[in-house]
Amino acid sequence: HRLLEVIMNYNAAVVRRTIECGTEFLGLAEDLGMQHSLPISPDLWRRYVKPGYEITAGQARDRDIPVFLHSDGHILPIISDLIETGIRMINPQIRANSLQGLRDVARGKVAICLDLDRQLFPFASPDQLREHVREAHDALGMPEGGLMLSVEIGPDVPLENMDALFSAVEDICRLPDPEQTDYASVGF
């Protein structure tokens with residue numbers, strides 16, 4: 001209990017100071033899950049960990065500051081709890097949570113910044129990569145928005161695969177033409 005108190009107090013102080021400095025956005029990064037589950041039961045997570053998020057993300061939520069959370073691992077059982085604390089965008093792992101799991105639990109409830117499955121990039125065919133982008137977009141995209149796809153390329157990814165990924169994201173996600181878009185009208 002003492003260790004949790006020390007961590008929560010430290011995190012709360014860092015967030016408080018960040019807010020005092022005038023941030024317009026708060027980014028948090030913690031690995032809350034393991035490959036197939038949480039490290040503790042959802043009930044224990046709610047009892048011991050969620051109060052820390054109430055304190056940290058809650059400070060931003062109460063001031064209408066968007067909060068982004070990156071978390072590796074399986075977090076499906078606690079996504080609704082994270083939203084309650086003030087998280088507005090999650091960055092989950094695709095393999096640990098599955099597209100269907102994220103669709104069922106998060107789509108339309110919280111913005112999703114999805115890292116496409118970079119473990120596929122070096123080995124999959126260009127057609128398989130295009131299908132991967134399409135599946136992610138179809139599962140989580142909505143006309144109203146709320147989905148950002150991220151492509152992290154390592155040095156082992158062939159140029160042909162890079163081209164397939166970038167072309168697929170551009171084609172499937174129907175990015176606006178920068179020459180034809182009035183960004184001031186959409187808040188950029």
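The distance from the CD1 atom of Ile94 to the CG atom of Leu114 is 4.5 Å, given to the nearest 0.5 Å. In this structure, the separation between CD on Gln35 and NE2 on His74 is 10.5 Å, given to the nearest 0.5 Å. Remark: Tyr53 OH to Asn11 CG distance equals 8.0 Å, nearest 0.5 Å. With rounding to the nearest 0.5 Å, the separation of OG1 in Thr85 from CD1 in Ile87 is 4.5 Å. Rounding to the nearest 0.5 angstrom, the gap separating the CE atom in Met142 from the CD1 atom in Ile112 is 9.0 Å. Taking CG of Leu26 as the reference point, atom CD1 of Ile19 lies at 6.5 Å (rounded to 0.5 Å).
With salt bridges taken as basic N to acidic carboxylate O contacts below 4.0 Å, one links Arg88 and Asp64. A salt bridge links Glu54 with Arg61: the closest approach of a Lys/Arg side-chain nitrogen to an acidic carboxylate oxygen falls below 4.0 angstrom.
Between the side chain of Glu24 and the backbone N or O of Ile65, no donor-acceptor pair lies under 3.5 Å. Without hydrogens or angle criteria, Gln93 side chain to Gly73 main chain gives a donor-acceptor distance under 3.5 Å. A donor-acceptor distance shorter than 3.5 angstrom exists from the side chain of Arg103 to the backbone of Ala139, with no hydrogens or angles considered. Between the side chain of Asn161 and the backbone N or O of Ala124, at least one donor-acceptor pair lies under 3.5 Å. Under the 3.5 Å distance criterion, the side-chain polar atoms of Asp31 are left unmatched by any main-chain donor or acceptor of Ser71.
For the pair Asn97 and His36, the minimum side-chain heavy-atom distance is 4.5 Å or more. Taking 4.5 Å as the limit, every side-chain heavy atom of Asp127 sits out of range of all side-chain heavy atoms of Glu131. Looking at Leu44 and Ser41, their side chains come closer than 4.5 Å, going by heavy atoms from C-beta outward. Trp45 is listed as a side-chain neighbour of Ile78, based on a closest heavy-atom distance under 4.5 Å. Side-chain contact between Leu116 and Val169 is present, with at least one heavy-atom pair separated by less than 4.5 Å. By the 4.5 Å heavy-atom criterion applied to side chains, Pro39 and Met34 are counted as neighbours. A heavy-atom distance below 4.5 Å is not found between the side chains of Asp163 and Pro126. The closest side-chain heavy-atom distance from Leu38 to Pro77 is below 4.5 Å.
Counting heavy atoms of neighbouring residues, nucleotides and ligands inside a 6.0 Å radius, atom OH of Tyr10 does not exceed 12 of them. In the displayed structure, Arg134 atom CZ is contacted under 6.0 Å by at most 12 heavy atoms of other residues, nucleotides or ligands. Within 6.0 Å of atom CZ in Arg47, 12 or fewer heavy atoms from other residues, nucleotides or ligands are found, so the atom counts as exposed in its surroundings. Other residues, nucleotides and ligands contribute more than 12 heavy atoms inside 6.0 Å of the CD atom of Glu144.
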Candidate pair Val151 and Val133, rule side chain to side chain contact (heavy atoms under 4.5 Å, CB included), full reasoning: CA-CA 10 Å; Val151 179; Val133 172; 6.0 Å; no

Apply side chain to side chain contact (heavy atoms under 4.5 Å, CB included) to Phe166 and Ile153, showing your working. CA-CA 10 Å; Phe166 297 140; Ile153 300 290; 3.9 Å; yes

Show your working on side chain to side chain contact (heavy atoms under 4.5 Å, CB included) between Gln128 and His132 and close with a plain yes or no. CA-CA 6 Å; Gln128 290 169 320; His132 176 58; over 6 Å; no

Assess whether side chain to side chain contact (heavy atoms under 4.5 Å, CB included) is satisfied between His70 and Glu30, documenting all intermediate values. CA-CA 6 Å; His70 161 80; Glu30 298 190 277; over 6 Å; no

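Closest non-hydrogen pair, Cys173 versus Leu149, comes out as SG-CD1, 3.6 Å. Closest approach of Thr56 to Val15, counting heavy atoms only: O-CG1, 3.5 Å. Across every non-hydrogen atom of Ile75 and Pro92, the tightest pair is CD1-CB, 4.2 Å. Taking all atoms of both residues into account, the shortest heavy-atom contact from Ala164 to Arg130 is CB-NH1, 3.5 Å. The heavy-atom pair separating Phe121 from Pro158 by the smallest distance is O-CD, 4.1 Å. The two atoms that bring Tyr48 and Pro51 nearest to each other are C-CD, 3.8 Å, heavy atoms only.
Hydrophobic clustering of Ile, Leu, Val, Met, Phe, Trp and Tyr side chains at less than 4.5 Å, counting indirect connections, unites Leu69 with Leu147. Hydrophobic clustering keeps Ile7 apart from Ile55 (ILVMFWY residues linked when any side-chain heavy atoms are closer than 4.5 Å, directly or through intermediates). The cluster map of Ile, Leu, Val, Met, Phe, Trp and Tyr, joined by side-chain heavy atoms under 4.5 Å apart, puts Val105 and Ile83 in the same cluster. The hydrophobic clustering, which links ILVMFWY residues whose side-chain heavy atoms are closer than 4.5 Å, places Leu120 and Leu165 together. Cluster membership for Val6 and Met8, using ILVMFWY side-chain heavy atoms within less than 4.5 angstrom, is not shared.
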